[in-house]
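Side-chain atoms are counted along with the backbone in the values below, which use heavy atoms only and exclude waters and symmetry mates. Here the structure is a predicted model, which is why all the values come from computation and not from measurement.
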Amino acid sequence: MPHAWISSDYLRGALDLFAYEDKAEHRLVLGGGLTADWLAGKGSGISELATPYGTLDMAVAGNAKQLNLTISGSAQPPGGFAFDWPFHTAPPRARVDGRPANWNKKRLLISTSTKPIRVEIGR
């Protein structure tokens, strides 16, 4: 009979595919474990994920040419959110709530100023 902590570690690992805490920067990194297959078609999402900063609702869908990300819930990490470009290509231009956003290498930093937050990449 496996120990209960093994199950909890497995579940935490699965949830970390959607979001995990960057403790040094006090931010949530979104979609860090999602692959192209998870993003294709209708994409993937999670609702009411408990984080140290509140609950997170997130939906992400797309491909290397165009991707949409929506962030909502009560989570308000002091360092904001981060989204790492999941593809091997250079990330295309991005807009957060209709405003141009800049990549820092392959990481997009997103403030927590509004909810829901809409990120459009490649339009």
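Proximity of Leu69 to Ile110: side-chain heavy atoms (C-beta onward) are separated by under 4.5 Å at one or more points.
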* Starting from the C-alpha separation in whole Å, work towards a yes-or-no answer on side chain to side chain contact (heavy atoms under 4.5 Å, CB included) for Ile71 and Phe83. => CA-CA 11 Å; Ile71 307 162; Phe83 180 73; over 6 Å; no
* To do: Just do the side chain to side chain contact (heavy atoms under 4.5 Å, CB included) check on Leu34 and Met58 with the steps written out, would you?
  => CA-CA 12 Å; Leu34 300 179; Met58 180 191 78; 4.3 Å; yes
* Evaluate side chain to side chain contact (heavy atoms under 4.5 Å, CB included) for Leu56 paired with Leu30, printing each intermediate quantity in order. => CA-CA 10 Å; Leu56 174 71; Leu30 306 177; 3.6 Å; yes
* Please assess Phe18 against Trp38 for the test side chain to side chain contact (heavy atoms under 4.5 Å, CB included), listing each intermediate value before the final yes or no. => CA-CA 11 Å; Phe18 293 94; Trp38 284 59; 3.7 Å; yes
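The two atoms that bring Lys115 and Ala75 nearest to each other are NZ-O, 2.5 Å, heavy atoms only. Across all non-hydrogen atoms, the minimal contact from Val96 to Val119 is CG2-CG2, 4.2 Å. Here the closest heavy-atom approach between residue Ser72 and residue Pro116 is recorded as CB-CB, 3.9 Å. The two residues Asp22 and Arg107 come nearest to each other via the heavy atoms OD2-NH1, 3.9 Å.
Counting only distance, with no hydrogens or angles, the side chain of Ser74 and the backbone of Thr55 share a donor-acceptor pair below 3.5 Å. Asp97 places a side-chain N or O within 3.5 Å of a backbone atom of Arg118 that can act as its donor or acceptor partner. Asp57 contributes a side-chain N or O that, together with a main-chain N or O of Glu48, makes up a donor-acceptor pair within less than 3.5 Å. Listed for the Lys42 side chain is no donor-acceptor partner under 3.5 Å among the backbone atoms of Ala61. Looking at Trp103, its side chain never comes within 3.5 Å of a backbone N or O of Asp84 through a donor-acceptor pair. The main-chain N or O of Phe87 is found under 3.5 Å from a side-chain atom of Lys106 such that the two form a donor-acceptor pair.
Note that CZ of Arg27 and OH of Tyr20 are 10.5 Å apart. Values are rounded to the nearest 0.5 Å. Here Leu39 contributes atom CG and Asn68 contributes atom CG; the two are 11.0 Å apart, rounded to the nearest 0.5 Å. Atom OG1 in Thr51 sits 7.5 Å away from atom CZ in Phe81 (nearest 0.5 Å).
With hydrophobic clusters built from ILVMFWY side chains whose heavy atoms lie under 4.5 angstrom apart, Leu109 does not share a cluster with Tyr53.
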